[in-house]
Protein chains: 2
Amino acid sequence: MTQNPDLLRGALEPVVLELIAAGASYGYEIARAVEEASGGELLAQEGTLYPALHRLEKRGYLRAAWKTSPEGRKRKHYHLTGAGRRYLENLRTEWAAFSRTVNRILGIAHVGIVCP
Amino acid sequence: MTQNPDLLRGALEPVVLELIAAGASYGYEIARAVEEASGGELLAQEGTLYPALHRLEKRGYLRAAWKTSPEGRKRKHYHLTGAGRRYLENLRTEWAAFSRTVNRILGIAHVGIVCP
DNA sequence: CATAATACATGGCGTGGCAAGGTATGTCAA
DNA sequence: TTGACATACCTTGCCACGCCATGTATTATG
């Protein structure tokens with residue numbers, strides 16, 4: 001697991017938004033999705049994730065709604081707004097360019113189409 | 001140019017160390033090297049770079065020596081220590097794993113050997 | 001002689017991850 | 001039943017660090 005907090009700072013937003021776009025809906029589920037999607041490499045601590053969701057909501061990229069699960073648990077469900085989808089697309093582009101640049105400088109394998 | 005400070009946080013150290021390992025030596029030169037190596041994508045502001053160099057020196061990854069250029073300017077030249085080389089290698093590995101994971105989640109092109 | 005480029009440095013601001021702690025409910029085994 | 005555990009939300013304080021602004025010198029240039 002990556003234990004350097006500074007790495008997560010640049011990637012948490014796009015990852016969270018991406019997973020919500022992919023169907024993860026409420027906080028606890030999103031936290032699990034981050035772990036699972038990263039093969040345990042990424043960990044979104046609760047004290048990190050919940051404030052992040054609130055920020056994204058406040059900025060208009062997410063909308064939230066309280067619902068009750070079949071088992072009777074209250075959950076706050078998030079979904080992307082239109083602005084959120086556009087923002088995610090921007091973050092994706094930004095991250096792709098950035099990681100490509102850093103990889104190149106660090107001499108890490110080229111980002112490219114994998115041989116068929 | 002990436003204008004998101006949070007991205008730089010996770011990558012500044014490895015990039016700076018890498019460029020010093022590649023021959024960049026003093027602050028001003030390193031700042032230029034960051035710009036040039038990234039094709040203008042990355043920018044190490046002086047208020048960011050100098051403290052970063054001081055931190056790396058304090059942690060024992062860099063050693064510094066004042067010299068005077070042929071034109072008579074004072075420059076603080078840095079070079080990697082043994083620990084610095086090992087640290088850079090760790091950072092490289094960490095970054096490679098991290099960026100690979102995030103790229104996969106964001107659905108960005110696979111990292112792999114480019115077709116010959 | 002003024003302006004720009006070179007070269008170093010620092011202080012205050014704001015952001016945000018993390019540790020720690022808090023509240024509440026459902027499930028399940030002993 | 002009770003106690004432990006998973007689920008599910010939240011917040012506060014700490015600290016690290018990038019950025020902006022500013023300061024100080026020296027050399028080069030027009």
Side-chain angles (χ1 to χ4, degrees), chain A residues 1-17 24-36 38 41-59 61-62 64-78 91 94 98 102, chain B residues 1-16 24-36 38 41-59 62 64-78 91 94 98 102:
Chain A
M1 211 258 299
T2 301
Q3 62 251 19
N4 182 350
D6 289 332
L7 284 173
L8 197 56
R9 282 180 86 128
L12 183 65
E13 279 199 4
V15 164
V16 163
L17 291 176
S25 176
Y26 57 96
Y28 199 80
E29 186 185 32
I30 295 165
R32 292 295 143 81
V34 169
E35 264 186 276
E36 213 235 298
S38 66
E41 175 82 8
L42 272 47
L43 183 60
Q45 308 271 93
E46 299 199 341
T48 300
L49 182 60
Y50 288 117
L53 291 171
H54 300 161
R55 286 196 303 272
L56 289 165
E57 186 187 5
K58 190 176 288 183
R59 292 190 227 151
Y61 301 133
L62 292 179
W66 283 99
K67 293 182 186 167
T68 304
S69 79
E71 307 85 26
R73 289 184 180 285
K74 306 220 168 194
R75 293 168 173 167
K76 201 168 177 181
H77 290 263
Y78 292 92
L91 291 178
E94 186 185 45
F98 181 78
V102 174
Chain B
M1 213 260 298
T2 301
Q3 63 251 20
N4 182 351
D6 290 331
L7 283 174
L8 197 56
R9 281 180 87 127
L12 182 66
E13 280 199 3
V15 164
V16 163
S25 176
Y26 58 95
Y28 200 81
E29 186 185 31
I30 294 165
R32 292 294 144 81
V34 169
E35 264 186 276
E36 213 236 297
S38 67
E41 175 82 10
L42 271 48
L43 183 61
Q45 308 273 94
E46 299 200 342
T48 299
L49 181 61
Y50 288 117
L53 292 171
H54 299 162
R55 286 196 303 273
L56 289 164
E57 186 187 3
K58 189 176 289 183
R59 291 191 225 151
L62 292 179
W66 283 99
K67 294 183 186 165
T68 304
S69 80
E71 305 86 24
R73 290 185 180 285
K74 307 219 168 195
R75 293 168 173 167
K76 201 168 177 183
H77 289 263
Y78 292 93
L91 290 178
E94 187 185 48
F98 181 78
V102 173

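Values reported hereafter were calculated over all heavy atoms of this structure, with side chains retained and with hydrogens, waters and symmetry mates removed. Numbers restart at 1 for each chain; the letters A, B, ... are given by sequence-line order, proteins then strands.
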Quick one: salt bridge (charged side-chain N to carboxylate O under 4.0 Å, His left out) partners of Arg59(B), sequence neighbours excluded?
Glu13(B)
Side chain proximity check, [X] to [Y], heavy atoms < 4.5 angstrom:
X: Leu49(A); Y: Val34(A); result: no
X: Leu42(A); Y: Leu7(A); result: no
X: Phe98(B); Y: Glu94(B); result: no
X: Arg55(B); Y: Pro51(B); result: yes

Under 3.5 Å, which N/O atoms of the protein pair with N/O atoms of nucleotides 1-3 of chain D?
none

Find the distance between [atom1] ([X]) and [atom2] ([Y]) and round it off to the nearest 0.5 Å.
X: Leu53(B); Y: Tyr26(B); atom1: CG; atom2: OH; answer: 13.0 Å
X: Leu8(B); Y: Gln45(B); atom1: CG; atom2: CD; answer: 9.0 Å
X: Leu17(A); Y: Tyr78(A); atom1: CG; atom2: OH; answer: 12.0 Å
X: Ser69(B); Y: Lys67(B); atom1: OG; atom2: NZ; answer: 12.0 Å
X: Glu29(B); Y: Arg75(B); atom1: CD; atom2: CZ; answer: 7.0 Å

In whole angstrom, give the distance that lies between atom [atom1] of [X] and atom [atom2] of [N].
X: Leu43(A); N: dA19(C); atom1: CG; atom2: P; answer: 9 Å
X: Leu53(A); N: dC9(D); atom1: CG; atom2: C1'; answer: 11 Å
X: Gln45(B); N: dC13(C); atom1: CD; atom2: C1'; answer: 15 Å
X: Glu29(B); N: dT6(C); atom1: CD; atom2: P; answer: 12 Å
X: Tyr26(A); N: dA8(D); atom1: OH; atom2: C1'; answer: 8 Å
X: Ile30(A); N: dC10(D); atom1: CD1; atom2: P; answer: 11 Å
X: Leu7(B); N: dG16(C); atom1: CG; atom2: P; answer: 12 Å
X: Leu49(B); N: dC17(D); atom1: CG; atom2: P; answer: 14 Å

5′-ward residue of the pair Pro51(B)/Arg32(B) relative to DNA chain C:
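Its nucleotide being nearer the 5' end, the pick is Arg32(B).
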Position toward the 5' end of DNA chain C (nearest nucleotide), Gly72(A) or Arg9(A):
Arg9(A)
Between [X] and [N], does any side-chain N or O lie under 4.0 Å from OP1 or OP2?
X: Tyr50(A); N: dT11(D); answer: no
X: Lys76(A); N: dC10(D); answer: yes
X: Arg55(A); N: dG14(C); answer: no

[X], nearest nucleotide to its side chain (from [options]):
X: Arg75(A); options: dA8(D), dT10(C), dG18(D); answer: dA8(D)
X: His54(A); options: dT11(D), dT10(C), dG17(C); answer: dT11(D)
X: Thr48(A); options: dG17(C), dT6(C), dC10(D); answer: dG17(C)
X: Glu71(A); options: dC20(D), dC9(D), dG26(C); answer: dG26(C)
X: Leu8(A); options: dC9(D), dG17(C), dC19(D); answer: dG17(C)

Report all interatomic pairs (protein N or O, nucleotide N or O of nucleotides 20-24 of chain C) with separations under 3.5 Å.
none

